[in-house]
There are 2 protein chains.
Amino acid sequence: MPHGSATDWDNTARRALKAAGHRAGGARGAVVSLLGRQSCCLSAHEISDELHKSGSDVGMASVYRALELLHEMGLVQRVEFGEGVARFEPVTPGGEHHHHAVCDRCGRVTPFEDARLERHLDRLAGDLRHSMSGHDLVIHGECRRCARS
Amino acid sequence: MPHGSATDWDNTARRALKAAGHRAGGARGAVVSLLGRQSCCLSAHEISDELHKSGSDVGMASVYRALELLHEMGLVQRVEFGEGVARFEPVTPGGEHHHHAVCDRCGRVTPFEDARLERHLDRLAGDLRHSMSGHDLVIHGECRRCARS
DNA sequence: TTGTTTGCAAACCTTTTGCACGTTA
DNA sequence: TAACGTGCAAAAGGTTTGCAAACAA
């Protein structure tokens, strides 16, 4: 994917926003663009920092408002790893999904995916008669690097 | 299990605390007793409320300090459902483990377990070369009751 | 013009910390 | 007595909200 080009998610999100009567210029658009370039999760603070680095002086409140809206629309997933910070990541249109292994020592987040796990979860939710709009699995422990020392 | 009797977890926790040179009277003991009677997770605020209802005027700070200690000792697991509140539940001595389906409409939490899932996760963590001290899976969606309406 | 979006600052809430006072070994 | 535990109040984050100015249809 060439640098600067709009991603699938970016396009999907903008279309969905427009369809729902929302604009995606200024702050909101900047958040959409940035999220579109991510493959894993970012905190609101990281998003704000990143935007400032590239010259968009977006206020924290606008970042949170954009994330809230995108979350409501099912375009971003919210995940938490137990550090008291919420993290956000784009929900890919194709439905691919990944999970997170968190190192409790160094904080590193390792994303991973597993098709069998996804199928298993679908079945589980069905058994529970619980609809599943999203899900997230967090594995806590020590990453490869930290475990070695 | 008769009302008022000490649970397995209660006993285990008290033994572990004593072994580590900690006391379990007053506030800490009250938190241990209450947690021992839970099968699913409680927030710090819920714990404090519950204790006050039964006449133990335990300060919030003590609740958090007790939870922090128990968590460090691996006696309680900390889970978050994306509402910005941490929840805590006893880690059962036998190692049984459950996960949570959260209704994003009414907030109901449905615990569930699945041995195959646990085995699958062990294998996954192994593949990632990530040690696993704990894990939690959260399914978001609508519960049986809300989905019907 | 009219409704939406934005940034700032203040408010809010959960969680942590400092500190003086009890409590327990 | 000495170390530990507790409650209160204050502090420290992260997140949300009120509001007036800026913006877009």
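Side chains included, hydrogens not; waters and symmetry mates left out as well; all remaining heavy atoms used. Predicted, not measured: the structure shown is a model, and the values here were computed from it. Letters A, B, ... are given to chains in the order of the sequence lines, protein chains preceding strands, and every chain is numbered from 1.
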| Should B/His22 be listed as having a side-chain N or O under 4.0 Å from OP1 or OP2 of D/dG5? | yes
| query | Mind checking what makes salt bridge (Lys or Arg N to Asp or Glu O under 4.0 Å) contact with B/Arg123, not counting sequence neighbours? | reply | B/Asp127
| field | Hydrophobic cluster identity match, B/Val109 and A/Met132, side-chain contacts under 4.5 Å | value | no
| query | When you measure from the side chain of B/Thr7 to the backbone N and O of B/Gly36, does any donor-acceptor pair fall under 3.5 Å? | reply | yes
| query | Which whole-number value in Å describes the distance from A/Glu46 CD to D/dG14 C1'? | reply | 13 Å
Heteroatom pairs (N/O) under 3.5 angstrom, protein to nucleotides 21-25 of chain D:
unit_1 : atom_1 : unit_2  : atom_2 : d
D/dA24 : O4'    : A/Arg23 : NH1    : 3.4

| said: Can you confirm whether or not the ring centre of A/His100 sits under 6.0 Å from the ring centre of A/Phe81? | reply: yes
| request: Report the distance from atom CG of B/Leu69 to atom P of C/dT15, rounded to the nearest whole Å. | output: 17 Å
| said: Parallel, tilted or perpendicular: which one describes the rings of B/His135 and B/His99, with boundaries at 30° and 60°? | reply: parallel
Every protein N/O lying under 3.5 Å from an N/O of nucleotides 7-9 of chain D:
unit_1 : atom_1 : unit_2  : atom_2 : d
D/dG7  : OP1    : B/Asp57 : O      : 3.0
D/dG7  : OP2    : B/Gly59 : N      : 3.1
D/dG7  : OP2    : B/Ser62 : OG     : 2.6
D/dG7  : N7     : B/Arg65 : NH2    : 2.9
D/dG7  : O6     : B/Arg65 : NH1    : 3.4
D/dG7  : O6     : B/Arg65 : NH2    : 2.9

| task | Answer yes or no: is there an ion pair linking B/Glu68 with B/Arg65, defined by an N-O contact shorter than 4.0 Å? | result | no
| query | Between atom CZ in B/Arg28 and atom P in C/dA25, what is the gap in whole Å? | reply | 12 Å
| remark: Rounded to whole Å, NZ of A/Lys18 lies from C1' of C/dT5 at a distance of 16 Å
| request: Give the rounded distance in Å between these two atoms: CG of B/Leu67 and P of D/dG5. | output: 15 Å
| Hey, does the side chain of B/Glu96 reach the backbone of B/Thr92 with a donor-acceptor pair shorter than 3.5 angstrom? | no
| task | Could you grab the distance from atom NE2 of A/His98 to atom CD of A/Glu113, nearest 0.5 Å is fine? | result | 8.0 Å
| Lys/Arg-Asp/Glu bridge criterion (N-O < 4.0 Å) met for A/Asp10, A/Arg14 | yes
| request: Could you check how far CZ of B/Phe81 sits from C1' of C/dT14, rounded to whole Å? | output: 17 Å
| field | Length of the OH-P vector between B/Tyr64 and D/dG13, whole Å | value | 16 Å
| field | Gap between atoms CZ and P, on A/Arg78 and D/dG14 respectively (whole Å) | value | 14 Å
